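Everything on this sheet refers to the single structure shown next.
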Amino acid sequence: MSKHTEPKTLDQRIDRIYRMAKSHFGEVRFVGIKRHTRIGWVAKIQFDEFESLAAEGENATDALRNLRKRLRKIIDRYNMV
């Protein structure tokens, strides 16, 4: 019997990215998403003590997914050292 899972909402994706960033880097000013006229969707994490991280996507979900992948790579690279 297969279990059907509901698709994640944008709020859930943003919360997950926020928790990941906060647990690894400490203070996070905000995690958000906006539609840019020329680029498309942009997801961004703004830190208090570091430069911000941003990722683009064709839609809001893609942008958040790309941002999470980018954050994951940075955390993994940091943990390798």
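Here the structure is a predicted model, which is why all the values come from computation and not from measurement.
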- Query: Just wondering, are more than 12 heavy atoms of other shown residues or ligands nearer than 6.0 Å to NZ in K22?
  - Reply: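 Count over threshold, so yes.
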
- Query: Does E56 reach the side chain of H36, with side-chain heavy atoms less than 4.5 Å apart?
  - Reply: no

- Who else is in the cluster with F47 when I, L, V, M, F, W and Y are joined by side-chain contacts under 4.5 Å? L10, I14, I17, Y18, M20, F25, V28, V31, I33, W41, I45, F50, L53, L64, L67, L71, I74, I75

What distance do [X] atom [atom1] and [Y] atom [atom2] have between them, rounded to the nearest 0.5 Å?
X	Y	atom1	atom2	answer
K44	R29	NZ	CZ	10.0 Å
R77	R72	CZ	CZ	12.5 Å
N66	E58	CG	CD	9.5 Å
R68	K73	CZ	NZ	12.5 Å

- Which pair of non-hydrogen atoms, one from S52 and one from Q46, has the smallest distance, and what is that distance?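 Looks like CB-OE1, 3.6 Å.
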
- Item | Taking every non-hydrogen atom, the tightest pair across A63 and A55 | O-CB, 3.9 Å

- Take D62 and R65, measure what salt bridge (Lys or Arg N to Asp or Glu O under 4.0 Å) needs, and give me the verdict at the end. CA-CA 5 Å; D62 281 347; R65 195 176 287 139; 3.3 Å; yes

